[in-house]
Novice: 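Starting off with a structure, shown below.
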Amino acid sequence: MKRIVVLVSGGGSNLQALIDAAARGDLAVEIALVVSNRKDAYALERAVHAGLPTLYFPLRGYADRERYDADLAARVSAAAPDLIVLAGWMHILSPAFLNHFPRKVINLHPALPGAFPGTHAIQRAFEAYQRGEIDYTGLIVHYVIPEVDAGEVIAQTVVPFEPDESLEDFERRMHRREHELIVRATGLALGIAEGFR
Ligand code: GRF
């Protein structure tokens, strides 16, 4: 059974998609550890409810990011992951972390390659649509490299905008697509995907 470690910072709906897919047998993985940099992340509640090991690992108290990233890498390594999945993880990981896991860290980013890197990508795409600049956006899961939201794309989905749709409804539609993509991309990255649904 492949082992994954999931890094979270927020609500954890993408973590929940992985938990549910593993429980359904759609994704033959064991979630060995869920790490959050935020104590109040609901994602931790989801992990505890699913009986998964959790680690709260805050940046606070660290003089520099490299030390934090190196210590985080040691804690993650201890879980012996085959793959590390960033599911709403909101810290930029430096080589002090990434160098320990070459081509073993993947990240879900709610935009197409090169478009809207960084935070609030869904909202920024929606605003670009409202300005008439784009008529579709999308999602990618990519290998993580030091450059933010760059790296080789493992899987992507195009999401067209719908006229007169509210931001809330659009966000709900995007999150539903995220939940599908993160499961499919994790399977692909581990070489255990059962074809393309
Ligand atoms: C998602 O939109 C993800 O793409 C972005 O942060 C959000 C995380 O949502 N990076 P959740 O914590 O998985 O619900």
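Position 1 is the first residue of the sequence, and the numbers go up from there. Excluded from the calculations below are hydrogen atoms, water molecules and symmetry mates; all remaining heavy atoms, backbone and side chain alike, are included. Atoms within a ligand are numbered from 1 in the order they appear, just like the ligands themselves.
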Novice: Tell me whether the guanidinium CZ or amine NZ of Arg124 lies under 6.0 angstrom from the six-membered ring centre of Phe116 and within 45° of its axis.
Specialist: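 Arg124 over Phe116 ring: no.
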
Novice: For the residue pair His179 and His175, does the interplanar ring angle fall in the parallel (under 30°), tilted (30 to 60°) or perpendicular (over 60°) class?
Specialist: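 If you compare the ring of His179 with that of His175, the planes turn out parallel.
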
Novice: Only one of Leu83, Val141, Leu108 passes side-chain contact (heavy atoms from CB on, under 4.5 Å) with Thr186; say which it is.
Specialist: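 Of the listed options, the one satisfying the test is Leu83.
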
Novice: Taking the side chain as every heavy atom from C-beta outward, state whether Thr157 and Glu178 have any atom pair closer than 4.5 Å.
Specialist: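 No, every pair of side-chain atoms sits at 4.5 Å or beyond.
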
Novice: List the steps and the verdict of salt bridge (charged side-chain N to carboxylate O under 4.0 Å, His left out) for Arg24 and Asp20.
Specialist: CA-CA 6 Å; Arg24 283 196 311 268; Asp20 296 346; 5.2 Å; no

Novice: Enumerate the pairs of nitrogen or oxygen atoms, one from ligand 1 and one from the protein, separated by less than 3.5 angstrom; state names and distance to 0.1 Å.
Specialist:
residue, atom, partner, partner atom, Å
ligand 1, 2 (O), Glu178, OE1, 3.4
ligand 1, 2 (O), Glu178, OE2, 2.8
ligand 1, 4 (O), Glu178, OE2, 2.8
ligand 1, 12 (O), Gly11, N, 3.2
ligand 1, 12 (O), Gly12, N, 2.8
ligand 1, 13 (O), Ser13, N, 3.4
ligand 1, 13 (O), Asn14, N, 3.0
ligand 1, 13 (O), Asn14, ND2, 2.8
ligand 1, 14 (O), Gly12, N, 3.4
ligand 1, 14 (O), Ser13, N, 2.8
ligand 1, 14 (O), Ser13, OG, 2.6

Novice: Going by the side-chain contact (heavy atoms from CB on, under 4.5 Å) test, name the single residue among Leu86, Val85, Asp149 that passes it with Val144.
Specialist: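 The passing option is Leu86.
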
